[in-house]
Number of protein chains: 2
Amino acid sequence: MGASKTEIHTPSQLQIAEIAKVLSHPARVAILEHIAKQQDCICSDLVDEIGLSQPTISQHLQVIRNAGLLTGNFEGKRLCYCLDADRFNEFQSLLNQFFNTTAAQCC
Amino acid sequence: MGASKTEIHTPSQLQIAEIAKVLSHPARVAILEHIAKQQDCICSDLVDEIGLSQPTISQHLQVIRNAGLLTGNFEGKRLCYCLDADRFNEFQSLLNQFFNTTAAQCC
DNA sequence: TAATAATATTGCAATATTACGATGATACAT
DNA sequence: ATGTATCATCGTAATATTGCAATATTATTA
């Protein structure tokens with residue numbers, strides 16, 4: 001069918017999958033890295049840095065934004081996207097929780 | 001186009017995306033959790049535990065196997081899939097490396 | 001207000017993913 | 001050998017993702 005059967009999984013499993021999906025495209029990994037290290041990071045910078053068109057970057061940004069990983073600070077005429085460090089750390093901690101509990105039970 | 005432009009990204013970015021892709025479906029998260037905690041984990045057990053058909057489970061298992069996360073021990077007439085703990089730990093450590101270096105540079 | 005710059009949205013084509021029924025392949029038991 | 005159980009593969013349908021050109025939106029500047 002192509003659509004995931006979400007209703008058969010636990011909230012925790014769905015959460016891990018959602019987090020992982022954000023990181024499951026190299027362009028989004030690149031965008032996150034670039035946003036983190038730039039003070040004044042805007043979309044056109046990303047278009048220059050990463051070799052994708054402006055609409056495509058914007059689309060990836062939306063995925064990242066929907067995951068709650070962006071804080072937008074408007075400064076002057078340009079947007080300043082900023083990584084939401086709290087949410088980012090939450091991602092890391094939830095993933096580590098999954099890895100730790102899963103590995104601990106391994107036969 | 002639907003296909004990712006892999007050539008424009010760094011090996012490290014591609015690696016993170018590949019790892020995340022394995023975890024980006026709740027069924028695979030569930031399979032990993034179940035495989036880790038069972039001594040005698042086989043496909044038909046997974047079919048019973050998770051609410052998906054045997055071919056679908058088998059397909060997800062292949063993704064997990066291709067990522068190097070499975071060690072298969074044949075015991076009697078049933079397969080005993082086992083989580084490759086080393087590879088699993090490597091996944092965790094690479095993800096943490098990404099999170100730590102990225103967060104450290106955040107504005 | 002008009003022009004410009006930056007980002008978002010829309011529409012569409014190509015490809016990937018998810019899921020399952022049908023069918024194979026393999027190993028064990030009778 | 002024949003049957004049965006377990007798992008893999010094939011074929012196919014439905015849906016999702018990726019990417020870009022064209023266009024819209026928004027904010028700033030002249």
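Because the structure is a prediction, the values reported are computed rather than measured.
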Would you mind reading off the distance between Asp48(B) atom CG and dC7(D) atom P, rounded to a whole angstrom?
10 Å
Send over the distance from Lys21(B) NZ to dA16(D) P, rounded to a whole Å.
16 Å
Would Arg87(A) and Glu90(A) pass as an ion pair if we require N to O under 4.0 Å?
yes
[X] has a side chain; which of [options] sits nearest to it?
X: Ser58(B); options: dA19(C), dT10(C), dT9(D); result: dT9(D)
X: Gln59(B); options: dA8(C), dA8(D), dA19(C); result: dA19(C)
X: His25(A); options: dA19(C), dA8(D), dT18(D); result: dT18(D)
X: Arg28(B); options: dT7(C), dT18(C), dG21(C); result: dT18(C)
X: Ser44(B); options: dT6(D), dA8(D), dC20(C); result: dT6(D)

CZ on Phe98(B) to CD1 on Ile19(B), rounded to 0.5 Å:
11.0 Å
Looking for any heavy atom pair under 4.0 Å, which part of the strands does Leu52(A) touch: base, sugar-phosphate only, or nothing?
sugar-phosphate
Kindly indicate whether the side chain of Gln54(A) and the base of dA8(C) share any N or O donor-acceptor pair separated by less than 3.5 Å?
yes
Could you tell me whether the side chain of Gln62(B) has a donor or acceptor atom within less than 3.5 Å of a complementary atom in the base of dA8(D)?
no
Side-chain N or O of Ser53(B) less than 4.0 angstrom from OP1 or OP2 on dC20(C)?
yes
